[in-house]
Participant: 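The structure's right below; bear with me while I get my questions together.
Numbers here simply count residues along the sequence, with the first being 1.
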Amino acid sequence: MNERALPNVLQGTKNAVFTSQKEWEQERESLLSLLSREEYGFLPPDPQRLSFRLLEKQEDYCASKAVFEKWEATVGMGEKEFSFPFFAVVPTGVKKPMAFLHINFRNNVPDFYMPTEEIVDGGFAVFSFGYEDVTKDNGDFSDGLAALFPRASGEKDLPGKISLWAWAAMRVMDHIVSREDIDTKNVAVIGHSRLGKTALWAGANDPRFAFVISNDSGCSGAAVTRGKQGEKIRDITTVFPFWFCDNYRKYQDREEELPFDQHFLLALIAPRKLYVCSAKEDLWADPASELLSCREASIVYELYGLKGLICPEEAPIADAVFPEGTIGYHIRKGTHYLSRYDWQRFMEFLRKHRN
Ligand code: GCU
């Protein structure tokens, strides 16, 4: 099973292997700190001030099947303030719908990665924001939200951009949990690719997300790193060093020295629901390594008496769907993309596993 010499998540940062839920929960914080320190950088503290303002409301959205809202979140730290927009589409015909919080590439509603009408027809609300409205996808840490958190040079565990986008998702969640029209016990944070990595990291840090969905997140997302095909730590930290903290770079070509692997990230979501989607031809992300990660994280779900991934097939064929376990998985045919087909599978998983 463990041909790739993956570290045992049940060993955590200790030498002993945990056998109970209690031991795992005692260790969980140390593991979260480990990933913060070595990979993504520590999330900033909660904001000192936080407010939400409704900017726009459209009652007849999608032939009156939904209400569209545009909001502005304002966060304050010391003297500084920052605002970013986010959006809500809430179906009118459903009482307390479950909801997605989609960390999106763009701030379009709808968007080709976010088929709002189908989501509403499925009975779900969808909240979203465009990630670059929070802080740009580059190495400029004076831009947007990043400017709120001064950075001492030489610190190697400062938040990378993934941590900042995840932090912003948690602020939108602050808004969602304040709403009486949403089933706040059933909110799924979701993202694709770099934003799939972000959704997983937000889900690991914030237990209010009952569901966490990663679409084609690959390297430094759902896929285990040891023995991975396609993108490696050297590639990702050369092209996108600013997504991570500086410590992560020391593992270039030294994957085997990482004191964890990406299945630890998935395990931090236990016992909540997790869904991972791969695309058959997305070899840069590496579907086999994403699936393996789900299998390896499952042992933590078992400590809770839950089944993690239920997937009897070693290498599932394209369009195979495995929604039964607390970790759901499907592999779509085709290339790197977030499709309507994927959204339909996510909606089925939420309906099946609603809290
Ligand atoms: C690049 C990057 C991936 C990332 C992807 C994306 O391909 O190497 O790690 O997931 O961009 O976000 O689209």
Participant: Can you check salt bridge (Lys or Arg N to Asp or Glu O under 4.0 Å) on Arg171 and Asp46, steps first, answer last?
Facilitator: CA-CA 9 Å; Arg171 304 295 68 88; Asp46 287 349; 3.7 Å; yes

Participant: Any donor and acceptor pair, going by atom type alone, linking the side chain of Asp183 with main-chain N or O of Lys185 inside 3.5 Å?
Facilitator: yes

Participant: Could you tell me whether a side-chain N or O of Ser20 sits under 3.5 Å from a main-chain N or O of Phe18, the two making a donor and an acceptor?
Facilitator: no

Participant: Hey, can you tell me if Tyr40 and Phe244 have their rings parallel, tilted or perpendicular (30° and 60° cut-offs)?
Facilitator: tilted

Participant: Is the backbone N or O of Cys311 less than 3.5 Å from a side-chain atom of Arg295, with the two atoms forming a donor-acceptor pair by type?
Facilitator: yes

Participant: Under 4.0 Å between a side-chain nitrogen and a carboxylate oxygen: does that hold for Arg340 and Glu118?
Facilitator: yes

Participant: Please report the shortest heavy-atom distance between Trp343 and Tyr113, naming the atom on each side.
Facilitator: NE1-O, 2.9 Å

Participant: Quick one: closest heavy-atom pair of Phe349 and Gly325, and the distance?
Facilitator: CE1-O, 3.5 Å

Participant: For a 4.5 angstrom cut-off between non-hydrogen side-chain atoms, does Val67 reach Lys57?
Facilitator: yes

Participant: Can you check salt bridge (Lys or Arg N to Asp or Glu O under 4.0 Å) on Glu25 and Lys22, steps first, answer last?
Facilitator: CA-CA 5 Å; Glu25 283 173 3; Lys22 187 162 167 243; over 6 Å; no

Participant: Do Val212 and Ile190 have side-chain heavy atoms sitting under 4.5 Å apart?
Facilitator: no

Participant: Side chains of Asp157 and Asn247: donor-acceptor distance under 3.5 Å anywhere?
Facilitator: no

Participant: For a salt bridge (Lys or Arg N to Asp or Glu O under 4.0 Å) check, start with the C-alpha distance between Lys250 and Glu38, then their side-chain angles and the critical distance, and finish with the verdict.
Facilitator: CA-CA 9 Å; Lys250 68 186 183 212; Glu38 300 298 320; 2.9 Å; yes

Participant: If only atom types and distance count, is the side chain of Arg351 paired as donor or acceptor with the main-chain N or O of Gly122 below 3.5 Å?
Facilitator: yes

Participant: In terms of ring plane angle, is the pair Trp243 and Phe240 parallel, tilted or perpendicular, where the classes change at 30° and 60°?
Facilitator: parallel

Participant: Restricting to pairs with a member in residues 208-234, which pass salt bridge (Lys or Arg N to Asp or Glu O under 4.0 Å), not counting sequence neighbours?
Facilitator: Asp174-Arg208, Asp206-Arg208, Asp216-Arg332, Arg226-Asp261, Arg234-Asp253

Participant: State yes or no: do Ile327 and Ile310 share one hydrophobic cluster built from I, L, V, M, F, W and Y residues joined by side-chain heavy-atom distances below 4.5 Å, directly or via other members?
Facilitator: no

Participant: Using atom types as modelled and distance alone, determine if a side-chain donor or acceptor of Lys161 lies under 3.5 Å from a backbone N or O of Lys136.
Facilitator: yes

Participant: Under 3.5 Å, is there a donor-acceptor pair linking the side chains of Arg4 and Ser289?
Facilitator: yes

Participant: Do Glu117 and Asp121 touch side chain to side chain, with heavy atoms closer than 4.5 Å?
Facilitator: yes

Participant: List the steps and the verdict of side chain to side chain donor-acceptor pair (under 3.5 Å) for Tyr251 and Glu39.
Facilitator: CA-CA 10 Å; Tyr251 300 105; Glu39 186 167 8; over 6 Å; no

Participant: State which residues pass side chain to side chain donor-acceptor pair (under 3.5 Å) with Ser36; sequence neighbours excluded, sorted by chain then number.
Facilitator: none

Participant: Using only atom types and a distance under 3.5 Å, with no angle test, would you say the side chain of Trp165 pairs donor to acceptor with the backbone of Thr135?
Facilitator: yes

Participant: Please step through salt bridge (Lys or Arg N to Asp or Glu O under 4.0 Å) for the pair Arg49 and Glu81, ending with a clear verdict.
Facilitator: CA-CA 9 Å; Arg49 297 178 304 283; Glu81 278 203 340; 3.8 Å; yes

Participant: Quick check: do Ile233 and Arg254 have side-chain heavy atoms less than 4.5 Å from each other?
Facilitator: no

Participant: Given side chains that start at C-beta, do those of Phe346 and Phe124 come closer than 4.5 Å, heavy atoms only?
Facilitator: no

Participant: Checking the side chain of Trp167 only, and the main-chain atoms of Pro44 only, is there a donor and an acceptor separated by less than 3.5 Å?
Facilitator: yes

Participant: Any idea which heavy atoms bring Thr184 and Ile176 closest together, and the distance?
Facilitator: CG2-O, 3.3 Å

Participant: For Lys307, does the NZ atom sit with more than 12 other heavy atoms under 6.0 Å from it, leaving out its own atoms?
Facilitator: no

Participant: Got Leu266 and Leu274 here, is their nearest side-chain heavy-atom distance under 4.5 Å?
Facilitator: yes

Participant: Tell me, yes or no, whether the heavy-atom count around Glu314 atom CD, taken from other residues, nucleotides or ligands under 6.0 Å, exceeds 12.
Facilitator: no

Participant: Determine whether Thr13 and Glu27 make a side-chain contact, defined as any pair of heavy atoms from C-beta on separated by less than 4.5 Å.
Facilitator: yes

Participant: Can you confirm whether the side chains of His353 and Thr326 place a donor and an acceptor under 3.5 Å from each other?
Facilitator: no

Participant: Heavy-atom count check: over 12 atoms from other residues, nucleotides or ligands less than 6.0 Å from Lys333 NZ?
Facilitator: no

Participant: Applying side chain to side chain donor-acceptor pair (under 3.5 Å) to Asp137 and Tyr131, what does each step give before you reach the verdict?
Facilitator: CA-CA 8 Å; Asp137 192 351; Tyr131 79 135; 2.6 Å; yes

Participant: So, Gln252 versus Thr237: side-chain donor-acceptor pair below 3.5 Å or not?
Facilitator: yes

Participant: Can you label the angle between the Tyr275 ring and the His330 ring as parallel, tilted or perpendicular, going by 30° and 60°?
Facilitator: tilted

Participant: Please check: side-chain N/O of Gln48 versus main-chain N/O of Gly78, any donor-acceptor pairing under 3.5 Å?
Facilitator: yes

Participant: Would a 4.5 Å heavy-atom cut-off, applied to side chains only, mark Ile119 and Val89 as touching?
Facilitator: no

Participant: When you measure from the side chain of Ser214 to the backbone of Lys197, do you find a donor-acceptor pair of N or O atoms at a distance under 3.5 Å?
Facilitator: no

Participant: Surrounding CD of Glu29 (heavy atoms of other residues, nucleotides or ligands, distance under 6.0 Å), is the total greater than 12?
Facilitator: no

Participant: Would you say the side-chain atoms of Thr198 pair up with the backbone N or O of Ala166, donor to acceptor, closer than 3.5 Å?
Facilitator: no

Participant: Looking only at side-chain N and O atoms, does Thr225 offer a donor or acceptor that is under 3.5 Å from a partner on Glu255?
Facilitator: no

